[in-house]
Amino acid sequence: MDKLTIKDQARMQMEQIERGAVEILPRDDMLKKLEKSLRDQKPLRIKLGLDPTAPDIHLGHTVVLNKLRQFQDLGHEVHLIIGDFTGRIGDPSGKSETRKQLSEEEIIENARTYQEQIFKVLDKDKTMMHFNSEWLMTMNMIDVLKLAGKYTVARMMERDDFEKRYKEGLPIGVHEFMYPLMQGFDSVALQADVELGGTDQKFNLLVGRHLLKEYGFEPQVALMMPILEGTDGVQKMSKSLGNYIGVNDEPYEMFGKTMSITDSLICRYFELLTRVPAAEIETMKNQMAAGELNPRDAKIRLAVEIITTFHNAELAVQAMNRFKLVYSDRDIPADIPEIKVSEKDVWLPKFLSEHNIVDTTSEGRRMIKQGAVKVNGEKYVLEDVHLETNMVIQVGKRRFVRII
RNA sequence: GGAGGGAUACCCAAGAGGCUAAAGGGGGCAGACUGUAAAUCUGUUAGCGACGCUUUCGAAGGUUCGAAUCCUUCUCCCUCCA
């Protein structure tokens with residue numbers, strides 16, 4: 001192992017870097033940068049920009065974070081940029097409408113929450129944090145115009161979402177044109193070697209590459225990771241769509257959400273979210289196709305892997321057991337919320353809404369009418385109920401309370 | 001600056017004075033089924049101690065026995081022309 005040439009080492013790094021990546025632009029530059037880094041014994045500067053809009057990180061974000069972690073393990077430097085300044089504009093990427101602008105307090109709070117979660121994946125000691133207000137805030141109008149002059153409206157309009165919005169008659173704020181330029185300027189400020197992003201970031205990443213050149217630096221390489229589909233299997237995972245699994249979700253919540261993904265997503269999740277070797281994933285895929293492996297069991301394993309990563313193995317097993325109890329055995333879990341009552345004879349819809357088991361009394365009535373309510377495991381169709389100590393009320397499959 | 005067009009529930013989208021708490025689709029929730037919070041099918045999807053009442057069709061006024069629908073003003077968006 002001592003006699004590996006620099007080219008060989010670079011190739012080995014490249015192989016790891018390419019795993020899971022959708023596109024590396026340009027690939028040759030990546031390889032050259034790796035070689036140079038090895039030769040000069042100087043780590044590459046890997047950049048990732050974060051828009052502090054949603055404070056909660058979900059598994060979709062971790063796809064890119066995992067890749068960053070890989071770079072760290074290969075000895076490179078990770079630079080995270082909290083877009084505290086750009087967050088005030090809102091990234092137009094993949095949006096059919098203009099984003100809300102954030103207040104300063106929101107941004108600070110979100111950035112703080114971000115950091116807490118990010119280090120579940122990244123190595124804190126090898127990560128550098130920046131706020132892009134550091135350099136964007138101090139620019140004056142001349143600097144801004146100079147920056148704006150580096151790109152043309154026509155090229156800006158090439159961007160998929162701008163074009164689409166324009167055609168569909170949806171508004172595009174002029175300030176939104178500045179977003180890719182500012183993100184690109186972040187790369188200039190950092191002199192980034194590589195910038196990571198989802199495939200939706202392609203345009204922004206390439207603008208960064210262009211700007212580095214314009215400002216007389218070595219252009220960055222753009223590395224794009226796939227966008228993870230949410231639990232619905234159709235749209236990308238996002239908090240606003242509600243199809244996400246958050247890294248801060250409780251183990252049981254994570255388990256359930258993982259079990260709710262569509263079967264066709266199982267292998268993809270394994271590939272992008274776990275460290276299960278590719279060969280093993282391939283085997284599972286074949287077994288499922290052949291009917292030898294129940295997709296449910298594959299999902300159980302997936303859920304355990306995910307919870308182990310973000311919590312620990314013990315909690316993962318607990319969550320699994322609870323899930324099996326509730327769904328496979330149709331039983332009542334042990335640790336359900338308890339409600340202390342003084343009144344014994346209650347109107348159930350009101351009771352359920354008062355204790356946040358349903359949102360409104362109307363919904364409560366609906367649930368009863370639909371046969372979704374069970375008392376001590378028996379279907380309950382009346383609206384009035386006489387409560388007793390230790391009585392268990394269930395609404396739907398996963399909402400339980402115990403009366404004490 | 002001028003001329004047209006538009007805003008409907010969580011989202012998309014019908015409706016053009018009473019039959020509209022508002023079609024249809026998506027999403028959500030529930031039931032059945034099972035292999036699971038998968039797939040499929042079915043139901044349901046403003047609130048209220050409720051065969052009634054209250055709020056809801058960009059906002060505010062007005063016409064009318066009666067308005068999402070007609071009128072006025074305002075806000076926001078789009079298109080074309082400058």
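Lettering follows sequence order; numbering is per chain, from 1.
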A.B. asks: Go through C48(B), G35(B), U36(B) for me and flag the one nearest to the Asn294(A) side chain.
C.D. replies: G35(B)

A.B. asks: Quantified in whole Å, what is the P atom distance between nucleotide U69(B) and nucleotide U63(B)?
C.D. replies: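 About 15 Å, rounded to a whole number of Å.
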
A.B. asks: Give Ile261(A) one of three labels, base, sugar-phosphate or nothing, depending on what nucleic acid heavy atoms sit under 4.0 Å from its own.
C.D. replies: sugar-phosphate

A.B. asks: Taking the side chain of Ser362(A) as heavy atoms from C-beta outward, which of C48(B), G49(B), A38(B) is closest to it?
C.D. replies: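 Minimum distance to the Ser362(A) side chain belongs to C48(B).
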
A.B. asks: Please confirm whether the backbone N or O of Phe85(A) pairs with a side-chain atom of Asn132(A), one donor and one acceptor, at under 3.5 Å?
C.D. replies: yes

A.B. asks: Is NZ or CZ of Lys150(A) both nearer than 6.0 Å to the six-membered ring centre of Tyr215(A) and within 45° of the ring axis?
C.D. replies: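 Ring-cation test returns yes.
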
A.B. asks: By the definition side chain to side chain donor-acceptor pair (under 3.5 Å), identify the one residue from His130(A), Glu195(A), Gln191(A) that meets it with His79(A).
C.D. replies: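 Single pass found, and it is His130(A).
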
A.B. asks: Measuring to OP1 and OP2 of A37(B), would you say a side-chain N or O of Lys257(A) lies under 4.0 angstrom away?
C.D. replies: no

A.B. asks: Over all strands shown, is Gly256(A) touching base, sugar-phosphate only, or nothing at heavy-atom distances under 4.0 angstrom?
C.D. replies: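 Base contact.
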
A.B. asks: Does atom CD1 of Ile142(A) have more than 12 heavy-atom neighbours, drawn from other residues, nucleotides or ligands, at distances under 6.0 Å?
C.D. replies: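 It does not: Ile142(A) CD1 has 12 such atoms or fewer within range.
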
A.B. asks: Lys299(A) near the nucleic acid: base, sugar-phosphate alone, or nothing, with a heavy-atom cut-off under 4.0 Å?
C.D. replies: base

A.B. asks: What's the verdict on side chain to side chain donor-acceptor pair (under 3.5 Å) for Gln70(A) and Lys67(A), showing C-alpha distance, side-chain angles and the deciding distance?
C.D. replies: CA-CA 5 Å; Gln70(A) 221 170 26; Lys67(A) 183 54 69 181; 2.7 Å; yes

A.B. asks: So what does Thr258(A) touch, heavy atoms closer than 4.0 Å: a base, only the sugar-phosphate, or nothing?
C.D. replies: nothing

A.B. asks: Which listed nucleotide (U36(B), C48(B), A38(B)) is nearest to the side chain of Thr262(A)?
C.D. replies: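 The answer is A38(B).
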
A.B. asks: Nearest of C29(B), A38(B), C48(B) to any side-chain atom of Arg398(A)?
C.D. replies: C29(B)

A.B. asks: Is there a Watson-Crick or G-U wobble partner for A23(B) with both distances under 3.5 Å, and if so, which one is it?
C.D. replies: none

A.B. asks: Side chain of Pro295(A) only, please: which of G49(B), A37(B), U36(B) is the nearest?
C.D. replies: U36(B)

A.B. asks: Looking only at the side chain of Met259(A) (C-beta and beyond, no hydrogens), which of the listed nucleotides C48(B), U36(B), U45(B) gets closest?
C.D. replies: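 Per side-chain heavy atoms of Met259(A), the pick is U36(B).
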
A.B. asks: Which nucleotide, G35(B), C29(B), G49(B), lies nearest any side-chain atom of Thr361(A)?
C.D. replies: G49(B)

A.B. asks: Which one, G49(B), U44(B), A37(B), comes nearest to the side chain of Trp347(A)?
C.D. replies: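 My answer, after comparing the listed nucleotides, is G49(B).
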
A.B. asks: Using a 4.0 Å heavy-atom cut-off across all strands, classify Asn243(A) as base, sugar-phosphate, or nothing.
C.D. replies: nothing

A.B. asks: Can you tell me whether the side chain of Asp297(A) and the base of G35(B) have a donor-acceptor pair closer than 3.5 Å?
C.D. replies: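 Between G35(B) and Asp297(A), which were checked side chain against base, a qualifying N/O pair under 3.5 Å is absent.
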
A.B. asks: Could a donor-acceptor pair under 3.5 angstrom be found where the side chain of Gln370(A) meets the base of G31(B)?
C.D. replies: no

A.B. asks: Met367(A) side chain: which of C48(B), G35(B), C29(B) is closest?
C.D. replies: C29(B)

A.B. asks: Need one value for Phe255(A): base, sugar-phosphate or nothing, where a base atom within 4.0 Å counts as base even if backbone is also close, heavy atoms only.
C.D. replies: nothing

A.B. asks: Counting only side-chain heavy atoms from C-beta out, which of C33(B), G49(B), U44(B) sits nearest to Lys397(A)?
C.D. replies: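 Closest nucleotide to the Lys397(A) side chain: C33(B).
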
A.B. asks: So, does Ser328(A) get its side chain near the phosphate of U36(B), meaning an N or O under 4.0 Å from OP1 or OP2?
C.D. replies: yes

A.B. asks: For U44(B), which nucleotide is its Watson-Crick or G-U wobble mate, given both distances must be under 3.5 Å?
C.D. replies: G28(B)

